Engineer: 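Dumping the structure here so I can ask a few things about it.
Quick caveat: nothing in here was measured; it's all calculated off a predicted structure. When a residue number appears, it is its place in the shown sequence, counting from 1. Side-chain atoms are counted along with the backbone in the values below, which use heavy atoms only and exclude waters and symmetry mates.
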Amino acid sequence: FLKGASHVQMEPVWGGQADSAITLRSICALALVQTTLTRRDLLCKLVDLAADAEKQVRVDAVRAIAQLAEPEGVLLVRMKALAGDVETEVVGQCLTELLEISASEFVPFVKRFFTHKDEDLRLEALHALGGCRDPLAEDALVEAVGAHEVALGSAAVAVLGASRRREEVRDRVEAAVKQRMSPLLRQKFVDACVDQARVLGVTLPDPDLKWNEARGQHDFGAIDWSEF
């Protein structure tokens, strides 16, 4: 596994060369966790792989480090998240792993990325929370709907719409959307609900609801806030 984790095999491709050993290094990174290597040697190798030239190897190195569930492993994953990566997916994997280790401890940490200057990292934080089953993660997503910039709130609505508990959180999302009074957020919410209704085979009670081909969104009638 150590040899495989270090193996790079450049093969000729159209316009140059490509590494054909990416999957091998990824598999070996995950397998090393199950070996009898000393903790120091194991972490040294996994840290090297977390700085690999290929994104997938870095992602799987983060997964392997997180599997150790040791204080030093948690600290390394946290440091990688803070240090960043040229590929935001790697940071997103860090956030996902931290939430799996301890949602109660790391939901506040993940929420810090809501205000990151990189929009892609903000979205990675939302998706990491969306994949977490802990109610604290759900609370953070609902908070993002009503308390942050419109683009982030819209993305949070979409993530909650795909949640396993979307029915349970619907009232909270509705309240957050109303509180925000944002046309963009309301539009995102309506579009998400139409898709869900179609899957469930039900009709939404809005005679003005129709697809607008020009806008690529649904038109809908005025909202009766008193009934809402």
Side-chain angles (χ1 to χ4, degrees), residues 59 87-100 103-104 106-228:
V59 166
E87 299 283 354
T88 55
E89 184 181 334
V90 178
V91 177
Q93 189 66 45
C94 292
L95 302 181
T96 296
E97 297 297 338
L98 290 172
L99 290 172
E100 288 186 3
S104 61
F106 289 110
V107 163
F109 176 76
V110 175
K111 285 171 56 179
R112 288 163 54 179
F113 287 81
F114 285 175
T115 56
H116 198 282
K117 62 182 180 180
D118 188 329
E119 180 181 358
D120 289 338
L121 276 181
R122 298 198 294 270
L123 295 178
E124 288 289 347
L126 288 178
H127 286 294
L129 290 165
C132 180
R133 296 172 179 266
D134 194 284
L136 289 174
E138 181 183 286
D139 291 342
L141 286 170
V142 174
E143 178 184 327
V145 173
H148 293 277
E149 61 169 352
V150 170
L152 187 73
S154 298
V157 170
V159 171
L160 284 164
S163 168
R164 302 177 187 87
R165 300 184 64 246
R166 57 181 176 269
E167 295 301 325
E168 290 87 336
V169 301
R170 176 171 293 175
D171 290 344
R172 298 175 63 196
V173 174
E174 287 176 346
V177 171
K178 179 182 177 182
Q179 180 182 21
R180 196 57 191 276
M181 294 295 286
S182 164
L184 180 57
L185 277 177
R186 292 201 296 273
Q187 182 69 62
K188 194 77 172 181
F189 180 72
V190 168
D191 289 337
C193 283
V194 170
D195 290 338
Q196 293 176 26
R198 186 178 298 113
V199 171
L200 295 172
V202 299
T203 302
L204 297 177
D206 183 353
D208 297 322
L209 182 65
K210 62 181 181 297
W211 177 253
N212 187 316
E213 191 66 38
R215 295 195 306 118
Q217 294 174 316
H218 290 89
D219 292 334
F220 55 93
I223 297 174
D224 183 349
W225 290 114
S226 60
E227 180 181 354
F228 187 92

Engineer: Can you measure from OG1 (Thr88) to CD (Gln93) and round to the nearest 0.5 angstrom?
Structural biologist: 12.0 Å
Engineer: Dump the intermediate steps for side-chain contact (heavy atoms from CB on, under 4.5 Å) on Val157 and Leu141, then the final yes or no.
Structural biologist: CA-CA 8 Å; Val157 170; Leu141 286 170; over 6 Å; no
Engineer: Identify the residue among Thr96, Val110, Leu99 that makes a side-chain contact (heavy atoms from CB on, under 4.5 Å) with Cys132.
Structural biologist: Leu99
Engineer: Not counting sequence neighbours, which residues clear side chain to side chain contact (heavy atoms under 4.5 Å, CB included) with Glu87? List them please.
Structural biologist: Lys55, Arg58, Asp85, Val90
Engineer: So Phe220 and Gln187, do their side chains get closer than 4.5 Å, heavy atoms only?
Structural biologist: yes
Engineer: Do you know which of Val190, Asp191, Val194 makes side-chain contact (heavy atoms from CB on, under 4.5 Å) with Gln217?
Structural biologist: Asp191
Engineer: Asp118: what forms a salt bridge (Lys or Arg N to Asp or Glu O under 4.0 Å) with it, not counting sequence neighbours?
Structural biologist: none
Engineer: For the atom pair CG (Leu121) and CZ (Arg112), what is the distance rounded to the nearest 0.5 Å?
Structural biologist: 13.0 Å
Engineer: Going by the rule salt bridge (Lys or Arg N to Asp or Glu O under 4.0 Å), which residues pair with Arg198 if we only count those two or more places apart in sequence or in a different chain?
Structural biologist: Asp195
Engineer: If a pair satisfies salt bridge (Lys or Arg N to Asp or Glu O under 4.0 Å) and one of its residues is in residues 90-100, list it, with sequence neighbours excluded.
Structural biologist: none
Engineer: Do the rings of Phe113 and Phe109 sit parallel, tilted or perpendicular, given the 30° and 60° boundaries?
Structural biologist: perpendicular
Engineer: Identify, with sequence neighbours excluded, every residue that meets ring pair (Phe, Tyr, Trp, His ring centres under 6.0 Å) alongside His218.
Structural biologist: Trp211
Engineer: Excluding sequence neighbours, so at least two apart, what forms side chain to side chain contact (heavy atoms under 4.5 Å, CB included) with Ala156?
Structural biologist: Leu126, Ala144, Val145
Engineer: Between Glu138 and Arg133, is the closest basic N to carboxylate O distance under 4.0 Å?
Structural biologist: no
Engineer: Return the minimal non-hydrogen interatomic distance between Leu129 and Ala140, and the atom names on each side.
Structural biologist: CD1-CB, 3.9 Å
Engineer: Start with the C-alpha distance between Leu209 and Asp219, add both sets of side-chain angles, then the distance that settles side-chain contact (heavy atoms from CB on, under 4.5 Å), and finish with yes or no.
Structural biologist: CA-CA 5 Å; Leu209 182 65; Asp219 292 334; over 6 Å; no
Engineer: A side-chain contact here means heavy atoms from C-beta on lying under 4.5 Å apart; do Leu136 and Phe106 qualify?
Structural biologist: no
Engineer: Return the minimal non-hydrogen interatomic distance between Ala155 and Leu123, and the atom names on each side.
Structural biologist: CB-CD2, 3.5 Å
Engineer: Please report the shortest heavy-atom distance between Gly92 and Glu124, naming the atom on each side.
Structural biologist: CA-OE1, 3.4 Å
Engineer: Please give me the minimum heavy-atom distance between Leu95 and Ala128, naming the atom from each residue.
Structural biologist: CB-CB, 3.9 Å
